[in-house]
*Asks:* 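My structure is below; once you've seen it, I'll send some questions.
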Number of protein chains: 2
Amino acid sequence: MRWEEIDSQVCSIARALAIFGDRWTLLIIRDAFRRVRRFSEFQKSLGITKHRLSDRLTRLVDSGILEKRMYDEKRSRYEYRLTAKGLDLYPVLMSVVNWGDKWVCDEDGSPVVFTHTQCGHTCHPKMVCDVCDGEIVATDIEPSVGPGVAQKVSRGDWSPAMGES
Amino acid sequence: MRWEEIDSQVCSIARALAIFGDRWTLLIIRDAFRRVRRFSEFQKSLGITKHRLSDRLTRLVDSGILEKRMYDEKRSRYEYRLTAKGLDLYPVLMSVVNWGDKWVCDEDGSPVVFTHTQCGHTCHPKMVCDVCDGEIVATDIEPSVGPGVAQKVSRGDWSPAMGES
DNA sequence: CATTATGGGTTCCAAAATAGAACCTGTCAA
DNA sequence: TTGACAGGTTCTATTTTGGAACCCATAATG
């Protein structure tokens with residue numbers, strides 16, 4: 001299978017990764033959360049080639065994660081800003097930070113700490129069940145077929161042989 | 001900058017993505033959480049070429065996310081299983097699922113639903129502050145320099161010009 | 001016993017993606 | 001007038017990838 005076809009799977013992970021699951025894209029989004037907004041700022045921060053950056057920014061705009069906004073009419077200069085869809089990626093980045101801080105950071109400690117302005121404290125975001133508030137651990141979750149698959153099966157659009165459950 | 005150099009940054013995201021931030025790797029990890037364990041099962045599920053798969057599995061074993069365990073002495077057959085380091089990636093996958101369910105799934109609804117065995121309910125994992133239990137939203141978090149950078153600066157190992165804050 | 005299937009790869013080649021450098025274009029500041 | 005800057009595009013050499021073919025040990029089949 002070609003990488004471009006992976007988003008044909010009925011799988012939210014595959015479809016999401018089709019957008020940001022390649023080299024550089026998630027780092028660009030990380031920078032966007034740090035208020036990096038201009039082409040040259042991204043380039044300096046990432047050390048990515050202009051060509052790659054141009055391509056990645058265009059894709060991110062096309063997929064609705066960034067929006068391109070003119071900030072200088074005369075010189076037609078643009079900024080790239082996160083949309084609501086992009087801002088919603090925050091928990092993804094946060095969970096990557098958490099994992100990285102635990103498993104791949106050196107002995108000095110984590111490079112960045114986070115303050116939750118709602119409560120004023122330094123916080124370590126964690127993932128919890130929205131029903132019982134218990135922390136989510138892999139072994140406590142049991143996946144099962146959801147409506148997105150069930151309805152396709154009942155219409156005959158889909159059978160398990162086609163791909164992922 | 002070459003992709004192989006990105007993990008030289010003092011940034012947990014960059015270092016984490018150096019391991020799983022490329023095409024296929026996170027999908028392999030997804031499958032591992034679905035109890036896919038053998039080479040041929042991964043291949044069938046992903047449609048990836050054997051060559052790629054072999055390379056990615058080796059990297060994942062080298063970086064301690066999967067372990068290779070013999071299950072048939074005579075034929076020297078191996079299974080790949082998540083280590084503790086790998087199992088800890090669950091919140092990353094979960095936050096990708098959440099985002100994908102919200103933004104890139106079709107109208108039938110989400111393909112998979114999750115039951116939290118601790119409480120027995122279908123759940124939608126969410127990210128919260130570990131101090132006040134408030135849900136984490138991008139605009140409520142203020143990052144600041146952490147010990148991992150502060151100590152390097154005080155030792156003279158690092159200056160902001162070198163890379164990321 | 002010869003043949004074929006299976007799991008888990010490796011080797012080879014052509015096609016696609018990438019890095020790095022050079023170039024372009026329009027404005028502005030000295 | 002010259003140069004700098006932002007924001008690109010074009011070019012080429014190198015890597016990475018996809019696809020197919022091949023390999024090897026065991027096991028099942030005829």
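Owing to the predicted nature of the structure, the values given are computational and were not obtained by experimental measurement. Per chain, numbering begins at 1; letters A, B, ... match sequence-line order. Any value given below was found using the heavy atoms of this structure, including those in side chains, with hydrogens, waters and symmetry copies removed.
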*Asks:* Regarding B:Arg15 and A:Asp106, does a basic nitrogen lie under 4.0 Å from an acidic carboxylate oxygen?
*Replies:*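 Yes.
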*Asks:* Check this for me: does any side-chain nitrogen of one of A:Asp62 and A:Arg59 sit under 4.0 Å from a carboxylate oxygen of the other?
*Replies:*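 No.
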*Asks:* What contact category does A:Ser54 fall into here, base, sugar-phosphate, or nothing, at under 4.0 angstrom with non-hydrogen atoms?
*Replies:*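 Since only primed, P, OP1 and OP2 atoms lie under 4.0 Å of A:Ser54, the category is sugar-phosphate.
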*Asks:* A:Glu4 CD to D:dG19 C1': how many Å, rounded?
*Replies:*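 Checked: the CD to C1' distance equals 14 Å.
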*Asks:* Is A:Lys50 touching bases, backbone alone, or none of the nucleic acid, heavy atoms closer than 4.0 Å?
*Replies:*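 If one applies the 4.0 Å heavy-atom cut-off, A:Lys50 turns out to touch a base.
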*Asks:* Using a cut-off of 4.0 Å on non-hydrogen atoms, how would the nucleic acid contact of A:Arg75 be classed: base, sugar-phosphate, or nothing?
*Replies:*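 Result for A:Arg75 = sugar-phosphate.
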*Asks:* Just to be sure I understand the rule, does B:Arg77 reach a base, reach only the sugar-phosphate, or reach nothing, if contact means heavy atoms closer than 4.0 Å?
*Replies:*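 Base: the residue B:Arg77, judged by heavy atoms under 4.0 Å, touches a nucleobase.
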*Asks:* Quickly work out the A:Arg69 CZ to D:dG7 P distance and round it to whole Å.
*Replies:*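 Result: 15 Å.
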*Asks:* Which one, D:dG18, C:dT18, D:dG8, comes nearest to the side chain of A:Lys68?
*Replies:*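 Taking heavy atoms from C-beta onward, the closest nucleotide is D:dG8.
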*Asks:* Would you classify B:Tyr71 as touching base, sugar-phosphate or nothing, given that sugar-phosphate means primed atoms plus P, OP1 and OP2, and contacts are heavy atoms under 4.0 Å?
*Replies:*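 Sugar-phosphate contact only - B:Tyr71 comes under 4.0 Å of backbone atoms but never of a base.
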*Asks:* Starting from P on C:dG26, measure out to OH on A:Tyr78 and report it in whole angstrom.
*Replies:*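 Atom-to-atom, A:Tyr78 to C:dG26, this comes out as 14 Å.
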*Asks:* Can you tell me if the side-chain N/O atoms of A:Arg23 get under 4.0 Å from OP1 or OP2 in D:dT17?
*Replies:*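 A:Arg23 to D:dT17 OP1/OP2: side-chain N or O found under 4.0 Å.
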*Asks:* Find the distance B:Arg2:CZ to C:dA21:P and express it as a whole number of Å.
*Replies:*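 In whole Å, C:dA21 P and B:Arg2 CZ are 11 Å from each other.
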*Asks:* Quick one: do A:Lys85 and A:Asp88 make a salt bridge, cutoff under 4.0 Å?
*Replies:*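 No salt bridge links A:Lys85 with A:Asp88.
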*Asks:* DNA chain C: A:Asp22 or B:Ser40, which has the more 5' nearest nucleotide?
*Replies:*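 Its nearest nucleotide being more 5', the pick is B:Ser40.
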*Asks:* Please state how far atom CD in A:Gln43 lies from atom P in C:dA21, giving the value in whole angstrom units.
*Replies:*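 The distance from CD of A:Gln43 to P of C:dA21 comes to 12 Å, rounded to the nearest Å.
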*Asks:* Could you say whether A:Arg59 or A:His51 is positioned toward the 5' end of DNA chain C, judged by the nucleotide with the nearest heavy atom to each?
*Replies:*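 Counting from the 5' end, the first nearest nucleotide belongs to A:Arg59.
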*Asks:* OG1 of B:Thr58 to NZ of B:Lys68: how many Å apart, nearest 0.5 Å?
*Replies:*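 Here the rounded value is 6.0 Å.
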